[in-house]
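Both backbone and side-chain heavy atoms feed into the values below; hydrogens, waters and symmetry mates do not. None of the values given here were measured: they were computed from a predicted structure. Chain identifiers are assigned alphabetically (A, B, ...) following the order of the sequence lines, protein sequences preceding nucleic acid strands; residue numbering begins at 1 within each chain.
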Amino acid sequence: MKENRSLLFGVMGEFSTPEQILSAAKQARSAGYKHVTAYTPFPVEGLAHAIGFRWTAVPLITLIGGIGGGLTGFGLQYWVAAITYPMNIGGRPLNSWPAFIPVTFELTVLGASIFAVVGMLALNKLPQPYHPIFSVERFAHASTDRFFLCIEARDPKFDLAETARFLQSVAAEHVSEVKYES
Amino acid sequence: MSVTQPPLGTPEIRRLDPVLGPGHTYASVTDKIASVVLTRPLGIGWLAGFALTFTVVMVLFISIAWLIIKGVGIWGINVPIGWGFAIVNFVWWIGIGHAGTLISAILFLLNQKWRTSINRFAEAMTLFAVACAGIFPLIHTGRPWMAYYMMPYPSTMGIWPQFRSPLIWDVFAVSTYGTVSLLFWFVGLLPDLATLRDRAKNRFQQLIYGALAMGWRGSAHHWHRYQSAYLLLAGLATPLVLSVHTVVSFDFAVAIVPGWHTTIFPPYFVAGAIYSGFAMVLTIAIPLRKAYGLEDFITMRHLDNMAKVMLATGLIVAYGYFVEFFMAFYSGNKFDVFLAEQRLHGPYSHYYYALILCNILTPQLLWFEKVRRNVALLFVMSLVINTGMWLERFVIVVISLTRDFVPSAWGRYQPTFWDFSTLLGTIGLFAMLLFLFVRGLPAIAISEMRELVGQESHSGRDRK
Amino acid sequence: MDAMSEHANDKELRVLQGALPNAAAHDDGHDHEHKVHAEDNTLREFTLNLAAVRAKLKGKSGKQYWRTLEELADDPHFQDLLHREFPRHASEWDDAVDRRNFLKLMGASLAFAGLAGCGRPDESHIVPYVKQPDGMVLGKPNFYATAMPFGADAVGVLVESHEGRPTKIEGNPDHPSSLGSTDALVQASILNLYDPDRAQTVLENGEIRSWSAFLDAAQGLATAMKAQNGAGFRILTGTVTSPTLAWQLRKLLALYPLAKWHQWEPASGGGAREGAKLAFGRNVNTVYVPGKANVILSLDSDFLASGPGHIAHAKQYARRRKLDGPNDTLNRLYVVEPTPTVTGSSADHRLPLRAGDIELFARALAGKLGLSSPVPLSGEAAKWLDAVATDLQKEHGASLVVAGEYQAAAVHALAHAINASLGNVGKTLYYTDPVEAEPTGDPESLRELCADMDAGKVDLLLILGGNPLYDAPHDFDFTSKLKRVPTAIHLSPYYDETSVYCHWHVSESHYLETWSDARAYDGTATIIQPLIAPLYYSRSAHDVVAAFSDKPGLPAYDAVRAYWTEESARLGAPIDVAWRKWLNDGIVHGTKFTPIAAELKFSATSLPVFKPTPADQIEFIFRPDPNVHDGRFANNGWLQELPKPVTKLTWDNALLVSPKLAQKLEVAHKIASRGGEHGQVRSTVVDIALNGSKVTAAAWTLPGQAENSVVLSLGYGRTLAGFTGSNKGFNAYVVRTSNALWVAGDGKITPTGDDYPLACTQYHFNMEGRQILSTATLAEYQKNPAFAHEGAEAPAKDNSLYKEFEYKGYAWGMAIDLNKCNGCNACVVACQAENNIPVVGKDQVMRGREMHWIRIDRYYANSESAASGKATGDPSEYNPTLDNPQTFFQPVPCQQCENAPCEQVCPVGATVHSAEGLNDMVYNRCIGTRYCSNNCPYKVRRFNFLRFQDWDTPQLKLLRNPEVSVRSRGVMEKCTYCVQRINNGRIEAEKQNRPIRDGEIVTACESACPSEAIVFGNANDPNSRVAKLKAQQRNYSILGELNSRPRTTYLAAVRNPNAELEKA
Amino acid sequence: MAQIFHRSANFLARFSLLGAVVLGGVALTGVLVVARSPYITNERVSREQPVQFSHKHHVGDEGIDCRYCHTSVESSAYAGIPPTKTCMNCHSVLFNNIGYLEPVRESYRTDQSIQWVKVHRLADYVYFNHSIHINKGIGCSSCHGSINQMPLVFQASPLTMSWCLDCHRDPQPNLRPRDQIFNMDWKAPADQEEAGKKLAADYKLRTTAELTSCSTCHR
């Protein structure tokens, strides 16, 4: 029991429409399951909320990236033009700040965008080419037209038989175990 | 994402075509689009097209090699016309690039559903256009192997780029634009790559798409962060896309050359960019939907909308041309007035009239629904407008330089064989990359199409 | 060709080493010894051993070189291919892209792609002297005084020498023909020294011979000649002004009593000589002093830009155009001429008249002045006559009438008479003995020789210089006659058209390579001392003459020294003392001719009746080309590419026709879209049938040309000029006959229907109403001294958003007085020589890619097109305003703007401002975006579109100025105000802890300018010349409204027209 | 659906991504470091000479003044490499038959120059002038190092542009009184800060802006 439990990731039920999985997810939460994950071929409104996922750090990270980029941009230009090697360029002042705006702006956007994407990937723990869930035969459909709800083994309320039964009770087709490969 | 579209079948909607052909399910859209990449055998058409464009790319390489051996003197440029085809092509390509980001970002923010089936290849087009554009600033320099001087790095000479120069702004704008577009595109691709991975027909496809998909599982958490990031990118890309062509227009607006030194440039360059961009999207979309039978996804509704955008931006551009003249005479600046007259009566006037024909007169046909719905005609017009936009840059870059301040230094410009071969070469490169793209990646965003199906069927069910 | 020069280079090597002993032979003339020593010694890695030079300079070093990546490629294939790409400095760029060549280059590109990564320079060597000459400081140029003999004149010069390499020519202030200035030809003459196409050895029937072999042969011939007392011995020279050579020749003639000395100078008019004979019954040399004249009338004389003493004339004249304020007065210049010259273009009044009608005008003037019965004139000329006559009389004793070199004897005689009657003799002009050693009439002397040759009376013909086969009148048919001469010996710098038909050819040394002497237009003699041992096996006329004398092998030095030893006695200056002083000063003191009292034996009435040519008959006139002269400079790339002063044509001559005649003949210009207004102009080709001969030429419509008069300029159409000069333009000598050397009638011009591309650097001649070249009449100026500032003007300093940069130390600036500039081009070539500026070839000029750092713009005032009534820049659209437009010249170097538009747009900071306000151009930082050039309102920046610089020809490497970087492909360049001179000047001043003195630093253009129109200096110092000029109200900047604040400013041109002629 | 990747792929994927970034950074810094290293600047690289001439012996031990050989250092841009004659002034008498001096004697005999190997090489577009530096109080050793201790001369400074600029921006620490210019062992005194200011005034040094203008060194 113990060791095969350690190989167990969770139990997964399959649904055919967004509505079904949404209600299933809600019920799972209300049934007291904490570690519930839903897998869908496209974002389903309210699903994340239903499985209790509210706040994401992506916007904050992006903001930081943007501010960083902007400061670097203007700082660099000011330092180059006015401090390290001040030169008379066509009679223009050393700190020609209006001329420094375009580069500052571009670097702001660059910083923000890179942080946004990298942040999103990192928070999603990607890249992660291996995941036990891929072992489930029918999971291939998760990227086409099927919807999956997985209750993870680490959930305190988890019990293989019990949870599986629960999933069937919320009208899941093909309930299947998700296992790590030994 | 909520979609506020009146349910199908209601009276007012009948006049509008659907953005998606009837009777599609999640699976069917996925199949249709994925199959183009995964199962469909290489058609003779594709092979021929690829072979042809590949040859043209070779022409590009030869032209560049010859350029590096001999120097920019193999082109028609001289003093006073220091910039010729190279910069014209650069601005032209950059402009074309704009439509992609615009569609994917701005229309996304504006929640335009019809963007869904065209944004993917529009973005691809952006990347390829930027790639073509990027070649020119580099090779047009007299010593390309020294071009890295434009990069800010701690050299042993203790000197740095000169940040007051619009060319440096270009370096940053274009590279940022390229990077962000690439990120945006890749993020959009992630779920589809997963789809391809899961539907892969052989180990090879599995490995490639698997690696690219980074193990995307479509979990609710993923989607949540994903959407947030995508929205932010869209928000960032929108001002970026506007800034890029603004900066490009600064190359001219900041200079004192009559015909360059104008405040109208930024807005009307951006409009022009969108204009040419949409023209190019049409140029690609129309053959694409035909070749791969995607009429259900790229419907008349899309073509119609794009035509309308072209009409709108075309009018803005026309306004720009008008303001140039108005300001010349209104300001009474003798150099500007002289230049305006040059455009009408000067040695290059025929180029100017050709430009007016292509960019202002032709698009007026788009007022008529019949024209907007005539696919063949639309295709032709998109080509005409692309030519027109190229001419616009030619008029601005070259003709302004031929007769500037000191009459003793006036000159004329005649492109050489190598000018043309380089232009042709980049067109070939652009086309070749597109050919590779349609076979390597889903030309339409599958996951978003599924969403669309979801919403459509939704509204469908509501009717019951 | 390559093989040839290869071979030659081995020789040079030997020559140079051989130079030592024979130099050491003369322990006197220390400076001379020192120079020759310098030859095979070195500056750091620089040695004159040419083979080594090539090695070194290929060896990635040589101070004055910096390189682009591909030059680092040592791959022989690539090297060889670079050679082929640029066979020669001044070679025409061949843009033909044939496949083979292309594939080769592809291969090569791979070859150098490999070493792109390697930034590491390999070892190079320092090759010090073995024994360093005294007085030589490494890295410090020495200056030596000598003179360039030219026609009946010699221009004294100071030649800059870097470690034994003459690199630049400056004027000699002590010399009467120079007064410190030079002209384009003098400046360019140094390029001839290093011309790789020069003949390099002695040849006998094309076979290389040693000099000693020639000496033996000469002795053989000499004995034969002695036997027949010199009968059949003929010597043909050009005009000889060298006292020593004349002395040697006379001795030779004494040795061979029956021998004869003939002269032929194709481009010097005999009119003056004959005129003097006519007027005074003897040979007399006229010396003009235009500086003393208040009113000058030029009868078709270009005395400001050509002919003996023209530099001095220009200087004197310009000083009379000096204008410090509205109260100053100006002299007045009237010019009557058939074709616009530099002099005519800067005249206050110019009257286009056919060359043939000038005599009539002169007669009429004489009549007006009561020297003969009145002669009726018609139209403009009549009106003119009255005005001029009264003006001249008003200035009795302070007026001057100058007759043109190419005018008939009668005109000169009349001029003498008129000057006499106006009491000008001894004031504005004086007479001396002739400068030519042996005045003989052209072409009679040559005619005589030809007759003798024809009659088989000539056994031995010695041609010292010149190229009669090319430039003799075609009716002499020199070729066939020369063929009948058993032995012909030709001494000339090139193996040219004549050499081919001569049995012996001796390569002639350049004047910088040999000892000689020459007289200036006022008789002052100069010892010509060599700056460098001959680069090739070349000899001077002195050596050749000596070979036939009783002292064969006598070195030129000994001959010169011997003659002047005799003279010194006469001059009362002990030679040992005087010699050094003469060499140092560049003039032989006390040799200036004293004025002679020539009394007039001529009366205007005695002239035969004048038969005017019918007004509608086209007159053909021959003139030497302003750049290649009679053809002797044909192989000089600098001169070929130099835009001719008025037409602005390069690389070709053309048949000059008036706009009206152009209409009639239906000749026109097509502006090709390549280059166009500034580059290629296709113009109609015409057949010219004249004097029973035919030539085909491109026609060029020239505003200001006399209506029915066309100009064929001499000196082009050479077939054996060398790589640069052969087959350029058309050969006018083909239709030139001995009885019509300068003016010919009854010819026919018929358009052939096709057109020919000409390279013109400025086609458009209209200012389009912009404030570029501002002008006024003296009256207007006095009424409104600030006229130059009307209309567009720079905004006040304080209304800028930005704080102005302050220039506390020196603020370098330049002021160009358009009132003095006459567009003579001296500055353009001087700049080219000083700054290592490449020649790009006709094709590139036609693409608008010439490299001159200073250009001279030519504008016609109020020229309109008949069609539109609007301003026109195209002579093809005929308009009366083009018949005789007012012409102005404007030299345009970099304006050195304080708010430089170029600097702000450079992405890499390759052009930035120095603390002294210079617009620095940093070649090694430039990546070549050309943005600066686009943004330069004055378009003074020049770009190396291709590899224009010749990196391969070793001779040309010797020519380069080590103080200036040699630019290669892909970088921008422009006028730097000769920053190398500024720096060196500053360094010297700083070492002495003192400020730089005004005038201590002169730019190349300034020092060359004969008119002193260009002044450079510190604008911050209120007492500097430049500051004073800038303080004048005439001072303005081009396009001031752009607020670029140029440091180069202009003083508006003020003309002084005669009120009488102005009205109506 | 079977797993496409093995478990370890997760680690590999993340590691390789991170690695790529790090590697890029390292490579870039590498290039910048190499550009400053003797490999490019030739700093401290001594070269084989045709004659084993020892500055240590001549300057350090014999105490011969620099100007005895480098005659034009005070007056010209080039310090000047002594002609063979200068060597022979002494060596016609001293060590006049020592083997390793044969190249010198041969040069004198045959009138063929000795080909020394260049040690200090500035780019060809840099116009350095010895005399002005000497005259404005910059001593030889400031750039050339302690020549008097170099048996074989090597380049003691990087000679990069930024190295030149350092001094042109702030020359005072390197300024010496006239009599110390040729002193190879000169060390900045304790009061150099004061002395430097004073010397700068005496020498009428130009402003930093003037000394760092491009055309000061490039033409």
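For A:Leu121, the part sitting under 4.5 Å from any heavy atom of chain B is the side chain, from C-beta outward, and nothing else. Within the 4.5 angstrom heavy-atom criterion, no atom of A:Phe115 approaches chain B. With a 4.5 Å cut-off on non-hydrogen atoms, A:Trp97 does not touch chain B at all. Contacts of A:Thr56 with chain B are made by side-chain atoms alone, with heavy-atom separations under 4.5 Å and no backbone atom involved. Using a 4.5 Å cut-off between heavy atoms, B:Leu190 touches chain A through its side chain atoms alone. With a threshold of 4.5 angstrom between heavy atoms, B:Thr195 approaches chain A through its backbone and through its side chain. Only the side chain of B:Leu233 comes within contact range of chain A, judged by heavy atoms closer than 4.5 Å. The contact between A:Thr40 and chain B is made by backbone and side chain atoms together, counting heavy-atom distances below 4.5 Å. Contact annotation for B:Glu448: neither backbone nor side-chain heavy atoms come within less than 4.5 Å of a heavy atom of chain A. Interface residue A:Thr84: only side-chain heavy atoms are found under 4.5 Å from chain B. Heavy atoms of A:Val117 lying under 4.5 Å from chain B belong exclusively to its side chain. Interface residue A:Ile51: only side-chain heavy atoms are found under 4.5 Å from chain B. Residue A:Phe105 touches chain B through its side chain alone, counting heavy-atom pairs closer than 4.5 Å. Neither the backbone nor the side chain of A:Val118 comes within less than 4.5 Å of any heavy atom in chain B. For B:Leu240, the parts lying under 4.5 angstrom from a heavy atom of chain A are both the backbone and the side chain. Both the backbone and the side chain of B:Thr176 come within less than 4.5 Å of a heavy atom in chain A. Contact annotation for B:Pro152: only side-chain heavy atoms (C-beta onward) come within less than 4.5 Å of a heavy atom of chain A.
The existence of a salt bridge linking B:Asp192 and B:Arg120 is confirmed by a sub-4.0 Å separation between a basic side-chain nitrogen and an acidic carboxylate oxygen.
A donor-acceptor contact shorter than 3.5 Å is absent between the side chain of A:Lys179 and the backbone of A:Ser135. Here the side chain of B:Thr179 pairs a donor or acceptor atom with the backbone of B:Ser175 at under 3.5 angstrom. Side-chain atoms of B:His221 do not come within 3.5 Å of backbone N or O of A:Ala48 as any donor-acceptor pair. No donor-acceptor pair closer than 3.5 Å links the side chain of B:Lys113 to the backbone N or O of B:Asn111. Side chain of A:Arg92 to main chain of A:Gly90: a donor-acceptor pair is present (N/O by atom type, distance under 3.5 Å, no hydrogens or angles). When atom types are taken as modelled, the side chain of B:Arg450 and the backbone of A:Pro41 share a donor-acceptor pair closer than 3.5 angstrom. Looking at B:His98, its side chain does come within 3.5 Å of a backbone N or O of B:Ile94 through a donor-acceptor pair. Counting only distance, with no hydrogens or angles, the side chain of B:Thr39 and the backbone of B:Ser35 share a donor-acceptor pair below 3.5 Å. For the pair B:Trp223 (side chain) and B:Gly218 (backbone), a donor-acceptor distance under 3.5 Å is present. Without hydrogens or angle criteria, A:Gln77 side chain to A:Phe100 main chain gives a donor-acceptor distance under 3.5 Å.
Options B:Tyr177, B:Trp216, B:Phe184 differ in how many heavy-atom pairs under 4.5 Å they form with chain A, and the most are formed by B:Trp216. Annotation: maximal heavy-atom pairing with chain A below 4.5 Å, among B:Ser447, B:Pro239, B:Ser219, occurs at B:Ser219. Each of A:Ala99, A:Ala116, A:Ala81 has some count of heavy-atom pairs under 4.5 Å with chain B, and the biggest count is that of A:Ala99. Chosen from A:Leu110, A:Asp145, A:Asn124, A:Ile61, the residue pairing most often with chain B at heavy-atom distances under 4.5 Å is A:Asn124. Between chain B and the residues A:Val58, A:Leu107, A:Thr37, the most heavy-atom pairs under 4.5 angstrom are made by A:Val58. Of the listed residues (A:Gln128, A:Met120, A:His141), the one with the most heavy-atom contacts under 4.5 Å to chain B is A:Gln128. Between chain B and the options A:Thr108, A:Val80, A:Leu76, heavy-atom pairs under 4.5 Å are most frequent for A:Val80. Between chain A and the residues B:Ala173, B:Ala229, B:Ala237, the largest count of heavy-atom pairs under 4.5 Å involves B:Ala173. The candidate from A:Pro59, A:Cys150, A:Pro98, A:Gly119 with the greatest count of non-hydrogen atom pairs under 4.5 Å with chain B is A:Pro59. Of all the listed residues (B:Tyr226, B:Phe163, B:Phe186), the one sharing the greatest number of non-hydrogen pairs under 4.5 Å with chain A is B:Phe163.
The minimum heavy-atom distance between A:Ala50 and A:Leu22, with the atom names listed, is CB-CD1, 4.3 Å. Considering all non-hydrogen atoms of both residues, A:Ser143 and B:Asp198 come closest at OG-OD2, 2.6 Å. Of all heavy-atom pairs between B:Val91 and B:His245, the closest is O-CE1, 3.7 Å.
Classification of the B:Phe252-B:Phe269 ring pair by plane angle, with boundaries at 30° and 60°, yields tilted.
Shown here is B:His261, whose NE2 atom has no more than 12 heavy atoms of other residues, nucleotides or ligands within 6.0 Å.
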